[in-house]
Amino acid sequence: MAVCIAVIAKENYPLYIRSTPTENELKFHYMVHTSLDVVDEKISAMGKALVDQRELYLGLLYPTEDYKVYGYVTNSKVKFVMVVDSSNTALRDNEIRSMFRKLHNSYTDVMCNPFYNPGDRIQSSRAFDNMATSMMMQVC
Amino acid sequence: AAGPVADLFRASQLPAETLHQITELCGAKRVGYFGATQFYIALKLIAAAQSGLPVRIESVKCELPLPRFMMSKNDGEIRFGNPAELHGTKVQIPYLTTEKNSFKRMDDEDKQQETQSPTMSPLASPPSSPPHYQRVPLSHGYSKLRSSAEQIHAAPYEARQPLVQPEGSSSGGPGTKPLRHQASLIRSFSVERELQDNSSYPDEPWRITEEQREYYVNQFRSLQPDPSSFISGSVAKNFFTKSKLSIPELSYIWELSDADCDGALTLPEFCAAFHLIVARKNGYPLPEGLPPTLQPEYLQAAFPKPKWDCQLFDSYSESLPANQQPRDLNRMEKTSVKDMADLPVPTQDVTSDDKQALKSTINEALSKDVSEDPATSKDSNSLKARPRSRSYSSTSIEEAMKRGEDPPTPPPRPQKTHSRASSLDLNKVFQPSVPATKSGLLPPPPALPPRPCPSQSEQVSEAELLPQLSRAPSQAAESSPAKKDVPYSQPPSKPIRRKFRPENQATENQEPSTASSGPASAATVKPHPTVQKQSSKQKKAIQTAIRKNKEANAVLARLNSELQQQLKEVHQERIALENQLEQLRPVTVL
């Protein structure tokens with residue numbers, strides 16, 4: 001149901017970006033990029049509180065006319081950003097949360113692979129790819 | 001007839017008309033392709049034709065000598081197995097009613113047989129490697145079949161080295177590939193019939209044979225003595241990297257084989273990974289999903305706790321020791337394997353069982369067959385595994401470490417990395433024990449070049465100004481990056497330092513000497529009793545050595561204490577500086 005899924009590293013460079021191919025992908029890249037500011041803002045807003053108390057799911061980062069952008073941050077400051085079609089009103093918060101949870105799980109699986117160097121682009125993991133495309137294809 | 005099959009048929013040297021007849025009879029024309037059934041029937045008819053019998057369906061039912069094919073392209077001294085023995089089994093041919101998928105695979109594989117001969121390298125002809133790899137439709141219990149099949153299975157290009165003939169078989173008959181190939185067909189049939197219970201998995205190259213299993217378990221043990229615990233990710237990574245496969249491939253193999261995604265490999269996972277690597281080295285493309293025969297549950301069920309005296313092994317014992325060619329394994333530097341006996345494993349793939357040794361082009365058939373099968377089974381596996389693994393992956397790293405620690409700890413070998421994330425405590429636990437033994441002998445750390453910002457040096461003017469001072473402040477300077485003081489110039493202070501040095505050394509000589517004499521004497525007490533047991537000459541040599549060591553110890557101990565002192569002082573300076581900084585800061589900010 002997402003139209004774009006992105007994994008951003010702690011240093012704010014993308015580890016993985018996938019969007020539905022029909023759209024103008026650059027637009028999504030740009031949206032993800034701008035959403036990073038919002039993510040940072042949300043993180044620092046919790047600021048003083050301890051990291052564990054901060055919830056991983058950030059919720060709706062910002063809505064645009066056509067799309068909504070949701071965010072999720074892990075404890076290692078790896079961010080997941082998901083762009084969802086606004087017309088998809090049936091999509092509830094819980095579903096978004098579960099999608100992020102799946103993303104997070106897949107991400108940890110990729111991490112577990114000793115041949116993956118943290119900080120590399122996530123290119124070789126087919127499982128991760130499959131999972132991401134499955135989330136996007138649900139649009140149809 | 002279709003391409004490769006046509007070649008084969010033509011090689012049988014039958015008139016074209018007969019071949020047409022045969023093709024028609026076997027039903028290939030009807031169905032439009034050479035399915036396995038058709039192919040077998042066709043071969044049988046060819047045999048019939050070659051023996052002069054009329055080409056009829058009924059002739060299929062007779063006992064016939066094997067069809068002969070004159071192929072020019074067989075390389076390899078394929079010492080062919082005794083045809084006489086094969087004859088004995090060909091009666092099984094009429095039993096053509098075996099599983100469909102096995103048919104299809106064999107068929108494809110047969111077609112590949114024709115094309116594979118010219119190619120030598122495994123990479124160039126992935127289809128060919130499966131036949132060699134998997135050619136032998138062996139079963140565990142049928143030693144006779146196996147022994148003859150051993151010979152058959154000599155892969156053309158791999159069989160450069162002569163096969164050792166197992167007992168009971170006379171030296172090879174006509175070494176034509178197709179004949180051998182067909183013999184293996186026959187064999188596979190017969191074996192299939194008898195062994196249908198043994199496996200329900202059609203994917204042969206992914207089945208681990210007994211020797212392979214032994215080999216893998218040996219390797220596992222070399223990495224991790226306890227077969228029931230894990231190999232950590234980094235250990236496995238180093239090990240598998242030696243196989244010289246590319247990192248993305250290794251990464252993919254890992255993804256396939258680490259079923260529970262915990263970053264560590266249990267024995268079945270390790271075997272699966274190893275097997276995939278071996279297969280890849282032999283030129284097999286990697287499957288889309290983990291084949292069912294490589295699933296951990298299957299592996300664990302099929303091969304319960306590895307025993308070095310595996311009962312299953314005796315069925316192999318006579319035939320297998322014959323084939324010891326470290327072919328592909330040599331390419332993999334993993335052959336730290338000293339004993340050749342283990343090597344045949346990956347290359348020969350004496351794949352047990354039943355079915356098709358004749359694996360078709362892995363690509364098509366395998367992925368087709370396997371993809372739907374493991375796709376579901378993997379999913380179910382992953383589903384099963386997930387709940388368990390979730391708890392590990394979602395919780396902290398300590399959990400993973402604990403899991404790594406739960407299995408009995410291995411013998412003295414310092415397992416620095418139980419789990420991937422054990423950079424934390426385990427390392428610290430083990431490391432102190434290791435260097436502690438060597439501390440006395442470590443030379444003093446090399447003098448670091450004096451850094452330009454030991455600002456403390458001015459203040460430390462009175463201090464222990466040994467050259468080590470430059471080291472200590474530099475370290476302190478590094479550790480307190482908050483310092484913004486202008487680095488005091490070092491050179492002017494140097495002469496001061498040097499002046500003080502002898503004083504300090506003099507003073508400190510006394511302190512540490514007393515301190516060091518204590519430990520030194522303690523250290524030297526030990527060697528003394530041992531000295532007494534030596535001869536006099538040795539005694540003297542040893543005593544001089546002891547004396548030297550004592551002196552070295554004393555020096556080191558002194559150095560140590562001096563450094564400690566310097567460290568203390570530097571700390572104090574640092575604190576002082578930080579205080580200053582704090583005082584200064586509000587001024588600058590505003």
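Here is how names work: the chains are called A, B, and so on, in the same order as the sequence lines, proteins then strands, and each is numbered from 1. In what follows, every heavy atom counts, from backbone to side chain, and hydrogens, waters and symmetry copies are set aside.
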Participant: Test of understanding: with side chain to side chain donor-acceptor pair (under 3.5 Å), list the residues that count as partners of A:Ser125, not counting sequence neighbours.
Facilitator: B:Glu255
Participant: Is A:His33 atom NE2 crowded by more than 12 heavy atoms from other residues, nucleotides or ligands, each under 6.0 Å away?
Facilitator: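 Open.
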Participant: Applying side chain to side chain donor-acceptor pair (under 3.5 Å), can you list everything that pairs with A:Asp40, at least two apart in sequence or on another chain?
Facilitator: none
Participant: Looking at A:Tyr30, I'd like to know if its OH atom is crowded, meaning that more than 12 non-hydrogen atoms belonging to other residues, nucleotides or ligands lie closer than 6.0 Å.
Facilitator: no
Participant: List the atom of B:Ser234, the atom of A:Pro114, and the distance in Å for their closest heavy-atom pair.
Facilitator: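 Shortest heavy-atom contact: N-CB, 4.3 Å.
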Participant: Given a strict heavy-atom distance threshold of 4.5 Å, which part of A:Asn117 is in contact with chain B: side chain, backbone, both, or neither?
Facilitator: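 Contact with chain B involves the side chain of A:Asn117 alone.
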Participant: Can you name the nearest heavy-atom pair linking B:Thr241 to A:Phe115, along with the distance?
Facilitator: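 Scanning both residues, the minimum pair turns out to be OG1-CE2, 4.0 Å.
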Participant: For the residue pair B:Trp254 and A:Cys112, what are the closest heavy atoms and their distance?
Facilitator: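 It is NE1-O, 3.9 Å.
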